[in-house]
Amino acid sequence: MAQEDIFKKLISHCKEYGYVFQSSEVYDGLAAVYDYGQYGVELKNNIKKYWWDSMVLLHENVVGLDSAIFMHPTVWKASGHVDAFSDPLIDNKDSKKRYRADVLIEDQRAKFEAKIDKEIGKARKRFGDSFDEQQFRETNQRVLANQVKINELTERFTKALNDDDLVEIKQIIIDYEISCPVSGTRNWTDVRQFNLMFSTEIGSTAEGASTIYLRPETAQGIFVNYLNVQKTGRMRLPFGIAQTGKAFRNEIVARQFIFRMREFEQMEMQFFVRPGEEMKWFEFWKDLRMKWHQSLNFGAENYKFHNHEKLAHYANAATDIEFRFPFGFREVEGIHSRTDFDLKQHEKFSGRKIQYFDPELNESYTPYVIETSIGLDRMFLQVISASFDEEEIPKENGTKDIRTVLRLPAFLAPVKMAVFPLVKKDGLPDIARSIINELKFDFYCQYDEKDSIGKRYRRHDAIGTPFCVTVDHQTTEDQTVTIRERDSMKQERVKIEELRSIIREKVNFKNKLKDLDF
RNA sequence: GCGGGAGUAGCUCAGUGGUAGAGCAUCAGCUUCCCAAGCUGAGGGUCGCGGGUUCGAUCCCCGUUUUCCGCUCCA
């Protein structure tokens, strides 16, 4: 089956079985926003817990944090998001290329300057040593004409930028006959401002209000709390701060189901290290994070590192862990060496000293930072797309049967155990209910007595329940039940009193990570 | 944002210029069954939304929105 078809089936399956719904669907939906349904929220929470426990519980030098989504506006000036996230963009309709409108205009200005330089170059050749560039610039007609154009252009452009006048910016592009470098045409769309940050107002009255942003990343909440955590937690380098939380980006093109959403959840850890040791720790986390992904047993061949050739301004090393989604290898997690850029910026903008006193070296310095940043929603998509399977089962009459099954790792599955009475009489439902009442404090259990037993198994296959327990007539005699494993469909007869320990053992993630020397 | 495909019941889809159908799913009852699709019955859709053409539009036209793919973009 084509990958595209698999993806479509997966999306349908997510909706049909209560994993993911489109946001505000009754109102036709809201683009690139999704809601997690009754099973989706369980899976998502389980993934989050798996990450949290792997980072915080298993590393004594990593602690948690939950910073607010609202932050002081200066945070985003310091981080560079305010400047870097708001470019006026324009498209050429013929070449379909997108440009920053300000860059197009700057290029045009550079062309005028190049013309002047050409004139000056020619004149210098002509006049030799006696050439006076200053005088030439002031008197030559062609140079002056171009200089006027430059001045006019600069003036208009500056004014338009200051006024946020996008219509004027487009008019400048039209007036100066700026054409697309690729198609050569001047068939432009309107200029649009794309600020990737959502903004809103804080304060009860309009006058006293000030613009604040919904955070476009969670990392800054950690950086501005670095000193608080380091001092109150008596943390010594190297140490990390982990946090999960929502982030918001007004993406121009947000697509591919929950892969790129406007509201999404990140799971991040910022690891503070001594300057000069960052590469060692970069390698350490790179390795460990890959192990974590592979602990899910989705196949090592479905993961790869993608090293960044072009680094962001704050980074001196960066790699992505990519997973093979139905639409190809895509980033799930980024491991970045962010240097001391962020802490230094906050030091600069806040005027506060944000450093670490190293008792071993007996000196203060700004720590370097290794970041591991993973998209929870992408992780969700990874888990569910790797688990989705349509298995062919040969039937006794020779035909084939399709079994739709989510092969979720047991410790991530929403429902851990379903309990069925084989028939709904002879007291079997009561026994099934009592088993659930006993175990519902330990894990999510569900009861089902509707339809044939086979149908009930299949229903739970479709939502990924790893274990189905069936109460039959033998149960009334010897207190045993059958436990049926989702993937193998094999059944085993066990004592009711053993159920808790059997399932507990199988839904514990400890065994996954112990083998990995995590 | 550009180009292309799609939008009819919870899901997958059929259908016609005269106000809608199937399979699965759901619910109730029968059946009492260890791997879906046995029997009987029921509920559920202003055919994505708005406008136009028409006596009449789910169907034709225009717009819009959502979604998938490609390009583009992506701290």
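In summary, the aromatic rings of A:Tyr226 and A:His346 are positioned with their centroids too far apart to meet the 6.0 Å limit. When ring centroids are compared, A:Phe298 and A:Tyr303 stay outside the 6.0 Å threshold. Taking the six-membered ring where the residue is Trp, the centroids of A:Phe380 and A:Tyr36 are separated by under 6.0 Å.
In this structure, CZ of A:Phe7 is placed 11 Å from C1' of B:U67, rounded to the nearest angstrom. Rounded to a whole Å, the NZ atom of A:Lys8 is 15 Å from the C1' atom of B:C11. Taking atom CG of residue A:Asp448 and atom C1' of nucleotide B:A36, one finds them 13 Å apart after rounding to whole Å. Atom pair A:Glu449:CD and B:C30:P shows a separation of 12 Å (rounding to whole Å applied). In this structure, A:Lys450 atom NZ and B:C30 atom P are separated by 11 Å, rounded to whole Å. Computed from coordinates, the A:Ile402 CD1 to B:C24 P distance equals 17 Å when rounded to whole Å. At whole-Å resolution of the value, CD in A:Gln266 and C1' in B:C74 are 13 Å apart. A:Glu25 has its CD atom 13 Å from the C1' atom of B:A9, to the nearest Å.
Distances were taken from every side-chain heavy atom of A:Arg484 (C-beta onward) to each of B:C35, B:C34, B:A28; the shortest belongs to B:C35. In the set B:C68, B:C73, B:C69, B:C73 carries the atom at the smallest distance from any side-chain atom of A:Arg260. Among the nucleotides B:U67, B:C33, B:C68, the one closest to any side-chain atom of A:Ile453 is B:C33. Among B:U31, B:C69, B:C34, the nucleotide with an atom closest to any side-chain atom of A:Arg493 is B:C34. Comparing atom distances between the A:Arg249 side chain and each of B:U67, B:U32, B:A75 picks out B:A75 as nearest. Checked against B:C35, B:C69, B:A36, the side chain of A:Met489 finds its nearest nucleotide in B:C35. Closest to the A:Leu422 side chain, of the nucleotides B:C34, B:C68, B:A37, is B:C34. Of the listed nucleotides (B:C34, B:C74, B:U26), B:U26 has the atom at the smallest distance from the side chain of A:Asp451. Here the side chain of A:Lys425 is nearest to one of B:U32, B:C74, B:C35, namely B:U32.
Comparing A:Arg330 and A:Val33 against RNA chain B, the residue whose closest nucleotide sits nearer the 5' end is A:Val33. Toward the 5' end of RNA chain B, the nearer of the two residues A:Gln491 and A:Glu16, judged by each one's closest nucleotide, is A:Glu16.
Under the 30°/60° scheme for interplanar angles, the aromatic rings of A:Phe272 and A:Phe239 are found to be tilted.
Side-chain atoms of A:Arg378 come within 3.5 Å of backbone atoms of A:Phe259 as a donor-acceptor pair (strictly under, hydrogens ignored).
Of the residues in residues 459-477 of chain A, A:Arg459, A:Thr470, A:Asp472 come within less than 4.0 Å of RNA chain B through at least one heavy atom, sorted by number.
Checking the phosphate oxygens (OP1, OP2) of B:A25, a side-chain nitrogen or oxygen of A:Lys455 falls inside 4.0 Å. Side-chain N/O atoms of A:Lys15 include one lying less than 4.0 angstrom from OP1 or OP2 on B:C11. The side chain of A:Ser12 places an N or O atom within less than 4.0 Å of a non-bridging phosphate oxygen (OP1 or OP2) of B:U12. Using a 4.0 Å cut-off, some side-chain N or O of A:Gln22 falls inside it from OP1 or OP2 of B:U67.
Nucleic acid contact class of A:Ser373 (heavy atoms, under 4.0 Å, all strands): none. If you check every strand for non-hydrogen atoms under 4.0 Å, A:Phe259 touches nothing.
Distance check, rounded to the nearest 0.5 Å: CD1 of A:Ile222 to CG of A:Asp342 gives 10.5 Å.
Going from the P atom of B:G63 to that of B:U26 covers 42 Å, rounded to whole Å. Using atom C1' as the reference point in both B:G44 and B:C30, the two lie 23 Å apart (nearest Å). For the C1' atoms, the distance from B:C13 to B:C73 is 36 Å, rounded to whole Å. Nucleotides B:G48 and B:A6 have their P atoms positioned 13 Å apart, rounded to a whole Å. Rounded to the nearest Å, the gap between the C1' atom of B:G4 and that of B:C49 is 22 Å. Remark: the separation of the P atoms in B:A20 and B:C24 is 23 Å, to the nearest Å. On the C1' atoms, B:G23 is 10 Å away from B:A37, given to the nearest whole Å. Atom C1' of B:G5 sits at a distance of 29 Å from the matching atom of B:U19, rounded to the whole Å.
Looking at A:Ser434 and A:Asn437, their side chains never bring a donor and an acceptor atom within 3.5 Å of each other.
You'll find the side chain of A:Phe325 reaches within 4.5 Å of the side chain of A:Phe323, heavy atoms only.
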Could you walk me through whether A:Glu265 and A:Lys44 satisfy the side chain to side chain contact (heavy atoms under 4.5 Å, CB included) test, starting with their C-alpha distance in whole Å, then the side-chain angles of each, then the deciding distance to 0.1 Å, before giving a yes or no? CA-CA 10 Å; A:Glu265 192 155 353; A:Lys44 193 178 167 197; 3.0 Å; yes

Report the C-alpha distance between A:Leu439 and A:Lys416 in whole Å, list the side-chain angles of each, state the deciding distance to 0.1 Å, and finish with yes or no for side chain to side chain contact (heavy atoms under 4.5 Å, CB included). CA-CA 11 Å; A:Leu439 295 181; A:Lys416 305 300 189 202; over 6 Å; no

Determine all donor-acceptor pairs shorter than 3.5 Å in which one atom belongs to a side chain in residues 494-503 of chain A; sequence neighbours excluded.
from, atom 1, to, atom 2, distance (Å)
A:Arg500, NE, A:Asp442, OD1, 3.2
A:Arg500, NE, A:Asp442, OD2, 3.0
A:Arg500, NH2, A:Glu438, O, 3.1
A:Arg500, NH2, A:Asp442, OD2, 3.3
A:Ser501, OG, A:Glu498, O, 3.1

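Crowding of A:Phe70 atom CZ: a count of heavy atoms from other residues, nucleotides or ligands under 6.0 Å not exceeding 12.
In this model, no side-chain donor or acceptor of A:Arg456 finds a partner on the base of B:C35 within 3.5 Å.
For the strand RNA chain B, secondary-structure stems (runs of at least three Watson-Crick or G-U pairs, all distances below 3.5 Å) span B:1-7 with B:65-71, B:10-13 with B:21-24, B:26-30 with B:38-42, B:48-52 with B:60-64.
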